[in-house]
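This report concerns only the one structure given below.
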Amino acid sequence: KGTMIVDGRQVEFDKEKNVLEVVRKAGIDLPTFCYHSELSIYGACRMCIVEDKWGNIFASCSQLPRDGMEVFTNTKKVQKYRKLILEMILANHDRDCTTCTRTGKCQLQELAIRFGIKDIRFDPIRKRLPIDKSSLSIIRNPNKCILCGDCVRVCEEVQGVGALSFVNRGSDITVAPAFNRDIAEVNCVNCGQCRAVCPTAAIIIKNDNGKVWEVVHDKSKRVIAQIAPAVRVALGEEFGLEPGQVTIGKIVAALKKIGVDEVYDTAFSADMTVIEESKEFLERFETGEKLPLFTSCCPGWVKFAENKYPDMVDNISTCKSPQQMFGAVIKEYYKEKDKDENKGTILISVMPCTAKKAEAAREEFEHNGVRDVDIVITTQELALLIKEAGINFEQLEEESFDMPFGLASGSGIIFGATGGVAEAVVTRLLKNKPDHNTKDLLFSNVRGMDNIKEASFNLDGKEIKIAVVHGLNNADELIKQIKSGKRYYDFIEVMACPGGCIAGGGQPIPMNLETRKGRAKGLYRLDRISHIKSSDTNPLVMSLFEGILKDNHELLHVHKKM
Ligand code: HC1
Ligand code: SF4
């Protein structure tokens, strides 16, 4: 607690972690590339420099605020150094801005404009490096890297993966996977969180929009799209709306305009997942075998477990994720009709997640040459697709999902927020279904952004212990505690990205606590207004279980090949 003086004005501080936060509290937008409140402080970019009353220049992110401390943010010296730093970064940065996917949203470009950089006085000293296109999810271009280290820290500190690090020294320094290998050859789980924090286009989403155009132009194809829960509360941000605003009607309309024949809801197949997964849970709970049961819908988590805890893979549910269940069902549903009409059904997934691209491509999701899911695009790619098609999103008339796979329960929709899957499974298991008021109370422990959440529920006199984790480093911590016997649970929901799918690596940026909370709120609002609360009361899902799935439950399960 204390008071600082920023540019001659008194500013009180209390919980602010560093001088930078106090300056920002004073209403001054100090620039930075490498400071993220959720990551450790690195102090590498030095864009946030300030000057003290003795003329010393320092990075404000790396200094604690002190009572009586006086700083200046716009002195001649500060302006000169800041420009110099920017010029040096720009000298070594690919400047193909006209064709860059981050143009208009690049922090480097933004600051170059803001600080009036016109000429760059230096020649590049870094040599050009190859672009790494090995991953199905992300593309790394080291020639656009400004060495802020954000990706390195998010991958290590938030995801506990550590797939990226600084390699080499001096002017050869760069960020790369271990031993300079391709990213697809290391332990990367495709979560895309590195892309979400990258200030430039050094890490971008692999764009699969070309494949979408190809299939919608092909008249021999029946083109179907499924929309993940989290997309509907985030896409609007790309068109100037607040996080959490629901634009699902416009998303359906836009996809139809682009040429998709039928548009369905992944929350529908999330309802199917709930039915299958709760059945599986009850069987295991009864026998006490292979507990805790871990959820299987997050491909980043599944890959992490395969890499790091192969001995626990059997504890992961055999249920396919909703994305894959939807694919398996739709391909079965249209099998005969496709033969009769001499057509091929193509399924496009619109997901908040970069890892879903890798999930769809896994070998176990192909049967007799037919893939469950053919193309996966992220929320960001959908926004580009809409812009490319020249669709005026604001003026688009809303449309409803197609039937029969367009009706989902609120439980299926909240899958997109951390805690949502656990809440949906427990809601399904409870005999007396809670209304939304009791739900808010009952599930308060599994909702929200705490790292590790716990709750217990009484089911026919037996207590079920549940944990919810998001962020793979938190999952790692929890597993260590389970293995050491410090904690016990029956059911664990794991989502790789902090906040769950709403903050997946394919979502609009910025990704921060505010956007996460706003998007989660949007999903819970949809649950509150939905007529169907519990997956087992979704009549269309139940009729599917009586219909094509009756003797074909295996369609919904996967036995992972290790
Ligand atoms: Fe998710 Fe899921 S909730 S994994 O977060 O289980 O991506 O939104 O589609 O599959 O339904 C993502 C979201 C999504 C699946 C569902
Ligand atoms: Fe790390 Fe995820 Fe990026 Fe892979 S995609 S390098 S796991 S942050």
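Source: prediction; values computed, not measured. First listed ligand is number 1; within each ligand, the first listed atom is number 1. Position 1 is the first residue of the sequence, and the numbers go up from there.
Applying the side chain to side chain donor-acceptor pair (under 3.5 Å) rule to K206 yields the partners D208; only residues at least two apart in sequence or on another chain are considered. Not counting sequence neighbours, Y333 has no partner by the side chain to side chain donor-acceptor pair (under 3.5 Å) test.
Each of Y489, F443, F285 was scored for a ring-ring contact (aromatic ring centres under 6.0 Å, His included) with F457, with one residue passing: F443.
Aromatic rings of F281 and F491 (six-membered ring for Trp) have centroids within the 6.0 Å cut-off, being under it.
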Under a 3.5 Å threshold, I'd like every N/O contact between ligand 1 and protein atoms, with atom names and distance.
from	atom 1	to	atom 2	distance (Å)
ligand 1	8 (O)	P229	N	3.4
ligand 1	8 (O)	A230	N	2.8
ligand 1	10 (O)	P322	N	3.4
ligand 1	10 (O)	Q323	N	2.8
ligand 1	10 (O)	K356	NZ	2.8

#### Entry: Residue pair N190, K356: steps toward the side-chain contact (heavy atoms from CB on, under 4.5 Å) verdict
CA-CA 8 Å; N190 302 303; K356 286 282 170 193; over 6 Å; no

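Salt-bridge formation is detected for the pair R519/E237: a Lys NZ or Arg NE/NH1/NH2 atom is positioned less than 4.0 Å from an Asp or Glu carboxylate oxygen. Taking 4.0 Å as the cut-off between side-chain N and carboxylate O, D182 and R140 do not count as a salt-bridged pair.
Annotation: protein N, O or S atoms under 2.8 Å of atom 1 (Fe) of ligand 2 (waters excluded) comprise C155 SG.
Smallest separation of non-hydrogen atoms from K453 and G419: NZ-N, 4.2 Å.
Applying the 6.0 Å contact sphere to CD of E242 captures no more than 12 heavy atoms from other residues, nucleotides or ligands.
Using cut-offs of 30° and 60° on the angle between ring planes, the pair F326 and F268 is perpendicular.
Each of the atoms 2 (Fe), 5 (S) of ligand 2 lies under 4.0 Å from some heavy atom of G192.
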